[in-house]
**Student:** 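Can you read through this structure? Questions will come right after.
Here is the naming used below: chain letters follow the sequence lines, and residue numbers restart at 1 for every chain.
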Amino acid sequence: MPELPEVETVRRGLEPAMTGAVFTRVEARRPDLRFALPSGFVRRLTGQRILALARRAKYLLADLSSGEVLVMHLGMSGRFLVTAPNGELSEPGAFELDTGQGQAHDHIVFHLSNGFCVTYNDVRRFGFMDLVGRDGLEASRHLAGLGVEPLGNSLDGALIRTLFEGKAAPLKAALLDQRLIAGLGNIYVCEALNRAGLAPARAAGTLDETEAARLAQTIRDVLAEAVEAGGSTLRDYAQTDGSLGYFQHRFRAYGREGEACATPGCGGVIERFVQSGRSTFWCATCQK
DNA sequence: AATACCCCCTGAGTGC
DNA sequence: TGCACTCAGGGGGTAT
């Protein structure tokens with residue numbers, strides 16, 4: 001389900017269940033997700049304490065007392081279901097709590113010393129988990145080469161100009177390139193470009209200072225608003241009123257083909273086309 | 001080096 | 001009701 005804001009929402013939802021707890025029992029119900037689980041996966045987790053739960057781009061990182069880090073990626077359809085000691089079920093970042101039919105795709109179950117139970121469910125199985133030594137984490141195959149955190153302090157117009165300098169690739173592709181900016185996905189790239197008034201097919205290297213600054217600001221705004229939308233629902237995420245997380249967020253461009261562009265005074269219509277195999281939604285009237 | 005395409009997998013939705 | 005087809009938020013790998 002995730003882009004960066006959703007992963008952050010999931011992280012915040014898992015934190016109270018996982019941080020400080022010990023894995024008392026781990027169930028790996030199949031040997032692989034997208035990739036094979038690392039050798040000794042269950043053994044290397046069992047008995048370890050989770051010191052901290054962090055995020056880098058779209059990766060969740062559980063820092064373990066063994067000195068290893070449990071690296072988790074949700075792919076397209078990964079979810080975590082949390083069962084509290086009192087039996088209450090929750091799903092951080094979810095649109096709607098699903099208490100039953102997910103069971104067929106419950107692949108990994110973490111039983112924790114504090115009585116919580118955390119289940120990883122992934123229908124399409126594009127997610128994965130890995131164990132990496134803490135010292136080698138940044139150089140590990142998943143994290144090596146990841147670009148700047150878009151919500152960190154370093155992303156501004158000047159950095160975008162540097163990253164995109166000389167690039168003939170379309171803005172859409174450059175923004176999706178995790179080696180440049182890490183954490184943007186298809187939805188929020190469409191949203192940021194719409195708000196910034198920039199055409200997705202335009203060559204990334206052609207941004208001037210003003211445009212780059214505007215793009216940096218809209219990226220930060222779009223992500224921060226989405227995190228806030230997810231975060232603000234965390235305290236009552238167990239409710240099933242459908243007002244939670246990702247889906248509740250009202251996108252201005254994504255998924256709105258044929259609808260009026262939301263840019264004030266624009267009057268254009270959102271169109272859809274395919275770029276590098278993925279749907280792009282944009283307004284030809286206000287995005288130049 | 002940079003870009004373009006195909007692939008992994010399952011399910012939901014649509015049109016006939 | 002069934003079938004065929006398209007589409008989906010991810011990224012890794014390979015071929016140009």
Side-chain angles (χ1 to χ4, degrees), chain A residues 1-11 29-37 55-60 71-80 91-96 98 100-107 120-130 140-147 150 163-193 200-205 219 222-223 226-227 229-230 244-258 272-281:
Chain A
M1 29 143 23
E3 291 191 31
L4 186 153
E6 289 70 43
V7 177
E8 178 60 21
T9 298
V10 169
R11 189 195 70 77
R29 296 180 176 175
R30 51 176 303 134
D32 60 334
L33 295 168
R34 175 170 182 177
F35 308 114
L37 293 170
R55 179 191 58 75
R56 170 79 169 102
K58 301 171 196 169
Y59 291 87
L60 288 166
V71 177
M72 299 176 281
H73 196 292
L74 301 172
M76 295 274 265
S77 57
R79 320 146 55 185
F80 280 102
E91 183 184 352
F95 164 64
E96 178 173 303
D98 173 358
Q101 69 187 32
Q103 290 176 4
H105 302 289
D106 289 351
H107 303 308
Y120 179 69
N121 176 287
D122 190 348
V123 172
R124 293 176 71 184
R125 229 183 307 128
F126 285 174
F128 49 88
M129 294 192 189
D130 203 357
S140 68
R141 66 169 177 151
H142 300 305
L143 298 197
L146 277 184
L163 292 172
F164 290 6
E165 186 177 4
K167 288 206 176 297
L171 275 173
K172 173 89 182 286
L175 289 169
L176 284 175
D177 188 340
Q178 304 296 301
R179 297 168 301 180
L180 303 177
I181 301 171
L184 293 177
N186 201 34
I187 290 180
Y188 293 112
V189 166
C190 290
E191 293 301 299
L193 287 172
R202 184 168 152 188
I219 288 169
V222 163
L223 294 182
V227 169
L244 309 179
Y246 207 144
F247 289 73
Q248 155 265 0
H249 208 69
R250 277 184 61 80
F251 303 122
R252 287 166 57 158
Y254 186 85
R256 304 184 83 94
E257 183 180 14
R272 171 185 179 272
F273 73 109
V274 175
Q275 274 181 303
S276 40
R278 329 262 321 243
S279 289
T280 294
F281 296 88

**Student:** Restricting to non-hydrogen atoms, name the atom on Pro5(A) and the atom on Leu223(A) that form the minimum distance, rounded to 0.1 Å.
**Tutor:**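 In terms of heavy atoms, the two residues are closest at CG-CD2, 3.7 Å.
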**Student:** Give one of base, sugar-phosphate or nothing for Arg34(A), where a contact means two heavy atoms less than 4.0 Å apart.
**Tutor:** base
**Student:** Do Phe35(A) and His73(A) make a side-chain contact, defined as non-hydrogen atoms from C-beta onward lying under 4.5 Å apart?
**Tutor:** no
**Student:** Starting at atom CZ of Phe273(A), determine the distance to atom P of dC7(C), rounded to an integer number of angstrom.
**Tutor:** 15 Å
**Student:** Determine the interplanar angle of the Tyr120(A) and Phe80(A) rings, folded into 0 to 90°, and report it as parallel if under 30°, tilted if 30 to 60°, perpendicular if over 60°.
**Tutor:**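 Rings of Tyr120(A) and Phe80(A): tilted, 30 to 60°.
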**Student:** What distance, rounded to whole Å, do you find between the two P atoms, one in dT6(C) and one in dC6(B)?
**Tutor:**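 Comparing P positions in dT6(C) and dC6(B) gives a spacing of 14 Å.
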**Student:** In Å, rounded to the nearest 0.5 Å, how long is the span from OH of Tyr254(A) to CZ of Arg272(A)?
**Tutor:** 9.0 Å
**Student:** Counting side-chain heavy atoms from C-beta on, which of dG12(C), dG11(C), dA8(C) comes nearest to His142(A)?
**Tutor:** dG12(C)
**Student:** Can you give me the closest heavy-atom contact between Ser77(A) and Val123(A), atom names plus distance?
**Tutor:** OG-N, 3.5 Å
**Student:** List the atom of Leu171(A), the atom of Ala204(A), and the distance in Å for their closest heavy-atom pair.
**Tutor:**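 Nearest pair, atom of Leu171(A) first, then Ala204(A): CD2-CA, 3.8 Å.
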**Student:** May I ask whether Phe126(A) stacks on the base of dC8(B), given the cut-offs of 5.5 Å between ring centres and 30° between planes?
**Tutor:** yes
**Student:** Which part of the nucleic acid, if any, lies within reach of Gly277(A) when heavy atoms closer than 4.0 Å are counted: base, sugar-phosphate only, or nothing?
**Tutor:**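 Nothing: the residue Gly277(A), judged by heavy atoms under 4.0 Å, touches no strand.
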**Student:** Any side-chain N or O of His105(A) below 4.0 angstrom from OP1/OP2 of dG11(B)?
**Tutor:** yes
**Student:** Identify the two heavy atoms, one from Val227(A) and one from Thr9(A), that lie closest to each other, and give their separation to 0.1 Å.
**Tutor:**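 Closest approach of Val227(A) to Thr9(A): O-OG1, 4.3 Å.
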**Student:** Check every atom of dG12(C), dG11(C), dA8(C) against the side chain of Phe35(A) and return the nucleotide holding the closest atom.
**Tutor:** dG12(C)
**Student:** List, with names and distances, any nitrogen or oxygen atoms from the protein found under 3.5 Å away from nitrogen or oxygen atoms belonging to nucleotides 1-3 of chain B.
**Tutor:**
| from | atom 1 | to | atom 2 | distance (Å) |
| --- | --- | --- | --- | --- |
| dT3(B) | OP1 | Ala168(A) | N | 3.4 |
| dT3(B) | OP1 | Ala169(A) | N | 2.9 |

**Student:** Round to a whole Å and report the spacing from CG of Asp130(A) to C1' of dG12(C).
**Tutor:** 14 Å
**Student:** Output the pairing pattern of DNA chain B as a dot-bracket string, 5' first, Watson-Crick or G-U wobble with both distances under 3.5 Å, | for cross-strand pairs, [ ] for crossing pairs.
**Tutor:** .|||||||.|||||||
**Student:** Take the protein atom CG of Asp32(A) and the nucleotide atom P of dC7(B), then report the distance between them rounded to whole Å.
**Tutor:**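 Asp32(A) atom CG is separated from dC7(B) atom P by 20 Å.
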**Student:** What about Arg124(A): does its side chain form a donor-acceptor pair under 3.5 Å with the base of dA8(C)?
**Tutor:** yes
**Student:** Measure across Leu180(A) and Lys167(A) and return the closest heavy-atom pair with its distance rounded to 0.1 Å.
**Tutor:** CD1-CE, 3.7 Å
**Student:** Which whole-number value in Å describes the distance from Leu180(A) CG to dG11(C) P?
**Tutor:** 13 Å
**Student:** Pick from Glu3(A), Lys172(A), Glu191(A), Gln275(A): which one makes a side chain to side chain donor-acceptor pair (under 3.5 Å) with Asn186(A)?
**Tutor:**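 Passing option: Lys172(A).
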**Student:** Would you kindly give the CD-to-C1' distance between Gln178(A) and dG10(C), to the nearest whole Å?
**Tutor:**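 Atom CD in Gln178(A) sits about 9 Å away from atom C1' in dG10(C).
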**Student:** Rounded to whole angstrom units, what separation is found between the CG atom of Leu60(A) and the P atom of dG10(C)?
**Tutor:**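 Atom-to-atom, Leu60(A) to dG10(C), this comes out as 15 Å.
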**Student:** Rounded to the Å, how far apart are Leu184(A) CG and dG11(C) P?
**Tutor:** 10 Å
**Student:** Does OP1 or OP2 of dA8(C) have a side-chain N or O of Ser279(A) closer than 4.0 Å?
**Tutor:**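 Yes, Ser279(A) has a side-chain N/O under 4.0 Å of OP1/OP2 on dA8(C).
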**Student:** Taking the side chain as every heavy atom from C-beta outward, state whether Leu175(A) and Ile181(A) have any pair of such atoms under 4.5 Å apart.
**Tutor:**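 Answer yes - side chains close enough.
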**Student:** Send over the distance from Arg278(A) CZ to dG10(C) C1', rounded to a whole Å.
**Tutor:**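 So the CZ-C1' distance, Arg278(A) to dG10(C), works out to 6 Å.
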